[in-house]
Amino acid sequence: MYLKKLILCLTALFLAPLSFSAWDDINMTPGVNAIAQEIFGLHMTIFWICVVIGALVLGFMVFLIIKYRKKEGVEPADFDDNPKLELTWTILFAVILVGMAIPATTTMIKAYDDEEGDINILITGHQWKWQYEYMEDEVSFFSNLLTSLDARNNIAPKTENYLLEVDEPLVIPVNKRVRFLITANDVIHSWWVPDFAVKQDAIPGFINTAWTYVDEPGVYRGQCTELCGVYHGYMPIVVKAVSDSEYKDFIQGKRDLKAQQALLTEKLWETDELFAIGEEVYLKNCVACHQVNGTGIPPVFPALAGSEIVMNDKGRQVEILMEGVQGAAMQSYAEQLTEVEIAAVITYTRKAWGNDAGGDGEIVVPKEILDYKNNKL
Amino acid sequence: MSAVIEGHQDDHHHGPAKGITRWLYTTNHKDIGSLYLWFSFIMLFIGGAMAMVIRAELFEPGSQIVSPEFYNQMVTNHGLIMVFGVIMPAFVGLANWLIPMQIGAPDMALPRLNNLSFWILPAAFGVLLATFFMEGGAPNFGWTFYAPLSTEYAPPTVTYFIFAVHIMGASSIMGSINVITTILNMRAPGMTLMKMPLFVWSWLITAYLLIAVMPVLAGAVTMMLMDIHFGTSFFKAGGGGDPVLFQHIFWFFGHPEVYIMILPAFGIVSHIIETFSRKPIFGYDSMVYAIASIALLSFVVWAHHMFTVGMPIAGELFFMYSTMLIAIPTGVKVFNWLSTMFKGSLTFETPMLFAIAFVALFTIGGLSGLMLAIAPADFQYHDTYFVVAHFHYVLVPGALFSIIAAVYYWLPKWTGYMYDEFMGKTHFWLSFVSVNLTFFPMHFVGLAGMPRRIPDYAMQFADYNMIVSVGAFLFGLSQLLFLYVVLKAIFYGKKATGQVWEGAQGLEWTLDSPPAYHTFETPPNLEAGEAKG
């Protein structure tokens, strides 16, 4: 099977330049807005200049190799400099470079425009997910990789958007100037959507800006481009550009959801109910570090199964979930998860992997998380 | 210096000591040169094995043979080993062997320092490699070790990594002091600076670069150490520190470092091309000035590695322009090499093949570098496989090919035996084809949007990644052939003459092959003749 694929690939390699349809797969995306298209144009200009220079240099080299190979009775010349010629090509290089610098400078100035947007979105990089906060609308959510562990481990089939799909995409309206304010919560990440030609590092303690303006509704995909730890390859970006009315519906929907979740803290919860939700939350948010069976990857990511805190110190466990752990990879989940989800996941860890039998087995209900939050205020 | 030699009347030529102590205690530049070269050769296979793991993991989409955590350890240590354990020690090894012989000096100026600077290197890499067997695993934050991933979020072994880097830095600084002292004080009478062979020139400038930037690297890792263990906040945003500061400091070291890995290659290739063109190097003076200007420019271009960190536009433009300027001296060098071949009498022995491939493929790497310099376009290229393709083109068919060329070129001089020309050429053609098969498609996957340093990738990158992996396996295997050719030459090679190559110029070719254990105890007098090489 590999052999067949290999032959196919090698054939593709040599045929690729011949077929124009293949060109798109191996070149930069032209992008979906003016600035991206301008950068693409700049890229192609410089690319062709480089190709021509490269072809001339390599062509001349081949000529030299053929023409001046050692022959009987032909003595090599013995000149060793030619100042006029050397000066000429030095000036020639400078002229070519100036020719490249001029369009590069104008494009740079256009790309660097940090005027406020119609919509301002705060993007925060976390290990290993993105958080989007619509600053005008007070709506905030996290965007996690959707691709299943089974697909990554070659158990389930891989779909078209393998590793480029998320549970909740960033939704933006078309024909509006959208400004991104980009920062990070832990290590440095980088937010890249090739179609917008936006790549901006997300750095803890800094807020960088970038902006886009999309004409066409559509789904645009990108990835984190700064090594940010173990799961750097697993924090994609999906941006959905929609019409203005759809965008308003989306924001309203998010607000309604927030109100509903607040109500849920008042509900009377069954342990099994919490356990089931908790398991889901755990598989989505916690397994990367603490692993499916709660064993963690010590010493960096501690085990939860058999942990003294998880078994017998409910208060401390709530505190860890809410505040994170200073100087460790464990972050605060107070904003990422709802009260119900936090209570559920704590309940899950206290009941799973035999922690139930080894510890006090107490559960946590959403009300307790809400109280924790209120006490802090 | 000459007074000492003139007063040394007895004709007592002592050879090397016997057994292991010869190598442990040696202060002989030829022995130390060999030690450096063998060390680098071994590290090439260790770092290369890591590259093979990386390519096996990326052979197809989906998890293949290692976990993402181990993958990151491979990426990090592959980079560190290839930069600090292969390319740099190989160049220092060549400097040790060649500089005294090319300038007519009896040895390096500071022989005991020379011994020390070699022997702390295996210690440094021993410490680094030992982290693989420690709790938490080896460093996993990339060879550029950006804070805070390398500080607050690093595995506990980062402390060992910091000490390893310190030791490597100390070794490099001592080596450079030795090179500079030797070149400035021990040239044969009559060899003025502008008559020095180009390899010596390139190393003189490289050594100054090393002395300038290695302490900066030491400073960076020391600040990391303080942040990790002593509660400072140089790079901790939470404590008022600045994670971007790390990148400025790192690349202020890192960019000159990149040229440290290529300038000696320029020297080597100049010698090989003139020898096999049977014609003196074209534009010797401009070659020297070009190396010097590349070295100076290397101090003012560092932030082109950081176009996406959020610099003000003035910064973006300054670093774009200064980076583009480097194309001028680099272009001058390429044109000078071509002009050296022009109207020459060319033959294509293995060293010449590698040298020509160097010029051709380094040009490709240089042109992609020019593209990367264009700041707005770099927003799309940055941290993708386009960058990986670029720096591998300048480091593998660039720096590494120049080292391989140098080994083929000077091996007969060092050992006294010729290598097998047919096998050498086979090694060249295998390497040449596979190196392009490996790194050329990376340009395309990069432009198509594949980020670097990811253990798994989206479906549209699958075909090219498979080609890259096949190329990489082939390239890795080809280097085993290199080892075979070198060993075969040493054990079964035909005797080489002193001149070795018909067109070779320079003092080292006036010596026997192999040269005596101590050479030029009386310096050659060059007052009358030309020693340019």
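Letters A, B, ... mirror the listed sequences (proteins, then strands); counts begin at 1. Note that the coordinates shown come from a computational prediction; the quantities given were computed from them, not determined experimentally.
Ring to ring, B/Phe141 and B/Tyr146 are not that close: their centroids are 6.0 angstrom or more apart. Between B/Phe307 and B/Phe319, the ring centre distance reaches or exceeds 6.0 Å.
With a threshold of 4.5 angstrom between heavy atoms, B/Val75 does not approach chain A through any atom at all. Heavy atoms closer than 4.5 Å to chain B are found in the backbone of A/Glu160, but not in its side chain. Proximity to chain A is limited to the side chain of B/Pro156, based on heavy atoms less than 4.5 angstrom apart. No part of B/Val445 comes within reach of chain A, as not one of its non-hydrogen atoms sits under 4.5 angstrom from that chain. For chain B, the nearby part of A/Asn208 is the side chain; its heavy atoms alone come within less than 4.5 Å. The part of B/Tyr153 that comes within reach of chain A is its side chain, from C-beta onward, which places non-hydrogen atoms under 4.5 angstrom from that chain. Of the two parts of A/Ile188, the backbone and the side chain both hold a non-hydrogen atom closer than 4.5 Å to a non-hydrogen atom of chain B. Looking at A/Thr147, there are no atoms closer than 4.5 Å to chain B (heavy atoms on both sides), in backbone or side chain. With a 4.5 angstrom heavy-atom cutoff, A/Ile109 touches chain B via backbone and side-chain atoms both. Within the 4.5 angstrom heavy-atom criterion, atoms from both the backbone and the side chain of A/Asn82 approach chain B. Within the 4.5 angstrom heavy-atom criterion, atoms from both the backbone and the side chain of B/Phe282 approach chain A. For chain B, the nearby parts of A/Phe79 are the backbone and the side chain; heavy atoms of each come within less than 4.5 Å. Only the side chain of B/Leu317 comes within contact range of chain A, with heavy atoms under 4.5 Å apart. Of the atoms belonging to A/Ala101, heavy atoms from both backbone and side chain fall under 4.5 Å from chain B. At a 4.5 Å heavy-atom cutoff, the contact between B/Thr384 and chain A is made by side-chain atoms alone. Contact of A/Leu58 with chain B is made through the side chain alone, with heavy-atom distances under 4.5 Å. Only the side chain of A/Glu86 comes within contact range of chain B, judged by heavy atoms closer than 4.5 Å. Residue B/Ala154: no heavy atom, backbone or side chain, is found under 4.5 Å from chain A. Of the atoms belonging to A/Leu227, heavy atoms from both backbone and side chain fall under 4.5 Å from chain B. Of the atoms belonging to B/Glu316, it is side-chain heavy atoms, and not backbone ones, that fall under 4.5 Å from chain A.
For the set B/Val334, B/Val309, B/Thr347, the entry with the most heavy-atom pairs within less than 4.5 Å of chain A is B/Val309. Taking chain B as the reference chain and counting heavy-atom pairs below 4.5 Å, the highest number among A/Leu42, A/Ile207, A/Asp186 is found for A/Asp186. Chain A forms the most heavy-atom pairs under 4.5 Å with one residue out of B/Met324, B/Gln380, B/Met341, B/Arg453, and that residue is B/Gln380. Considering only heavy-atom pairs separated by less than 4.5 Å from chain B, the leading option among A/Thr209, A/Ile182, A/Val51, A/Thr105 is A/Thr105. Contact count versus chain B (heavy atoms, under 4.5 Å) is highest, among A/Ala197, A/Ala111, A/Gly205, for A/Ala197. Interface check for chain A: of the options B/Met450, B/Met320, B/Gln460, B/His443, the most heavy-atom pairs under 4.5 Å are formed by B/Met320. Put simply, of B/Asn336, B/Leu325, B/Thr151, B/Asp378, the one with the most heavy-atom pairs under 4.5 Å next to chain A is B/Asn336. Between chain B and the residues A/Ile49, A/Ile35, A/Ile65, the largest count of heavy-atom pairs under 4.5 Å involves A/Ile65. For the set A/Trp89, A/Trp192, A/Tyr162, the count of heavy-atom pairs under 4.5 angstrom toward chain B peaks at A/Trp89. With chain A as partner, the option from B/Gly503, B/Ala237, B/Gly310 having the largest number of non-hydrogen pairs under 4.5 angstrom is B/Gly310. Note on A/Leu163, A/Ile96, A/Ile297: by heavy-atom pairs under 4.5 Å with chain B, the leading option is A/Leu163.
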Using a 3.5 Å cut-off and no angle test, enumerate the donor-acceptor pairs between side-chain atoms of residues 360-371 of chain B and protein atoms at least two apart in sequence or in another chain.
residue  : atom : partner  : partner atom : Å
B/Thr363 : OG1  : B/Val359 : O            : 2.5
B/Ser368 : OG   : B/Ile364 : O            : 3.4
B/Ser368 : OG   : B/Gly365 : O            : 3.0
B/Ser368 : OG   : B/His390 : ND1          : 3.1

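The salt bridge (Lys or Arg N to Asp or Glu O under 4.0 Å) test applied to A/Arg221 returns no partner, not counting sequence neighbours.
The backbone N or O of B/Leu58 lies less than 3.5 Å from no partner atom in the side chain of B/Glu60, so there is not a single donor-acceptor pair. Here the side chain of B/Glu57 pairs a donor or acceptor atom with the backbone of B/Ile65 at under 3.5 angstrom. In terms of modelled atom types and a separation under 3.5 Å, the side chain of B/Asp227 and the main chain of B/Phe235 share a donor-acceptor contact. Here the side chain of A/Ser148 pairs a donor or acceptor atom with the backbone of A/Ala151 at under 3.5 angstrom. A donor-acceptor contact shorter than 3.5 Å links the side chain of B/Tyr71 to the backbone of B/Ile454. For the pair B/Ser469 (side chain) and B/Met466 (backbone), a donor-acceptor distance under 3.5 Å is absent.
Scanning both residues, A/Val57 and B/Phe335, for their nearest heavy atoms gives CG2-CE1, 4.2 Å.
Ring geometry for B/Trp337 against B/Phe358 counts as perpendicular: the plane angle is over 60°, on a 0 to 90° scale with 30° as the lower cut. Taking the six-membered ring for Trp and thresholds of 30 and 60 degrees, B/Phe386 and B/Tyr381 have nearly parallel ring planes, at less than 30 degrees apart.
A salt bridge links B/Arg278 to B/Glu502: one of the charged nitrogens lies within less than 4.0 Å of a carboxylate oxygen.
Remark: A/Lys67 is not positioned above the aromatic ring of A/Phe63, lacking an NZ or CZ atom under 6.0 angstrom from the ring centre and at most 45 degrees off the axis. Note that A/Arg69 lies outside the cation-pi zone of B/Phe348, set by a 6.0 Å cut-off to the ring centre and a 45° limit from the axis.
To the nearest 0.5 angstrom, A/Trp191 atom CH2 is 6.0 Å from A/Phe196 atom CZ.
Side-chain atoms of B/Asn72 and A/His232 form no donor-acceptor pair, as typed in the model, at a separation below 3.5 Å.
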